[in-house]
Amino acid sequence: MSDDRWNLYLFERHDRQQIMQWAGRLRYFRFCRAVGGHANDGDQLLVAIAVETEADLVDVCATLGIALDVAAPDSPQPVPGVAYTAEEFGKFALLVPGSHRIRQPGLVELAGQPAYVHAQANRLEISLSDTDRPYEVSEASVRSAERVEALLTQLAGRLIDPPRASRHCICPAYYPEMWN
């Protein structure tokens with residue numbers, strides 16, 4: 001995709017000045033533009049925290065005030081290659097990969113703000129978007145991120161920047177001119 005077309009997409013909903021202003025206000029969260037199309041994703045403010053072990057995950061979540069649940073040993077899990085209805089799939093416990101049956105945190109409250117938290121084998125991601133328009137980032141989303149960032153100061157040494165290695169992520173690695 002040409003730079004002109006890419007910039008039209010990247011700054012379609014928020015102009016460069018608006019995103020630069022947000023970038024200047026946020027220390028840890030990064031604006032990530034949706035991949036779009038069939039990905040069914042949305043724009044988000046994203047931060048990633050390195051977690052190398054299950055104990056790290058538990059410690060990081062405790063620092064953030066996230067209570068982790070453990071699924072019962074007999075709770076059903078989807079079988080690869082088997083088709084399920086949405087209702088059937090909704091009954092499965094979504095587990096953190098590589099954990100001892102720890103459930104995905106999902107929608108939580110951090111610093112009084114709604115956030116979506118997802119753990120992977122080596123990282124914990126926190127995503128914020130507009131509460132009324134979940135595929136969008138708004139000024140309210142940025143204010144929420146500023147509040148959540150107060151919690152992240154204790155974890156600054158674990159933060160992964162960029163949280164998403166892609167030009168969709170507005171960060172110093174891909175857009176250094178926005179931090180000059």
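Residue numbers count from 1 along this sequence.
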_Heavy-atom pair with the smallest gap, counting every atom of W179 and A23_ =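 For W179 and A23, the tightest heavy-atom pair comes out as CZ2-CB, 3.4 Å.
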_Atom of A119, atom of P105 and distance for their closest heavy-atom approach_ =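 It is N-CD, 4.5 Å.
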Going from [atom1] on [X] to [atom2] on [Y], what distance comes out if it is rounded to the nearest 0.5 angstrom?
X    : Y    : atom1 : atom2 : value
E125 : I160 : CD    : CD1   : 8.0 Å
L26  : R143 : CG    : CZ    : 12.0 Å
L68  : Q104 : CG    : CD    : 9.5 Å
D59  : R158 : CG    : CZ    : 7.0 Å
L110 : I66  : CG    : CD1   : 5.0 Å

Going by atom types alone, do [X] and [Y] pair a side-chain donor with an acceptor below 3.5 Å?
X    : Y    : value
S166 : R33  : no
S127 : Q44  : yes
N40  : Y135 : yes
S141 : S144 : no

Is any side-chain heavy atom of [X] less than 4.5 Å from a side-chain heavy atom of [Y]?
X    : Y    : answer
V108 : Y116 : no
F29  : V148 : yes
Y84  : V79  : yes
I170 : L10  : yes
D130 : V137 : no
I49  : L64  : yes
R103 : L94  : no
R164 : Y174 : no

If you count every heavy atom of other residues, nucleotides or ligands that lies below 6.0 Å from [X] atom [atom1], does the total exceed 12?
X    : atom1 : result
E52  : CD    : no
E177 : CD    : yes
F89  : CZ    : no

Would you say the side-chain atoms of [X] pair up with the backbone N or O of [Y], donor to acceptor, closer than 3.5 Å?
X    : Y   : answer
R101 : A72 : yes
H168 : A34 : yes
Q77  : F92 : no
Q18  : D15 : no

*Indicate the ring-plane relationship of W22 and F31, choosing parallel, tilted or perpendicular according to the 30° and 60° boundaries.*
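Geometry flag for F31 against W22: tilted rings.
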*Positive for side-chain contact (heavy atoms from CB on, under 4.5 Å) with R30, one of L45, L46, V47, D161*: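 Exactly one candidate clears the test, D161.
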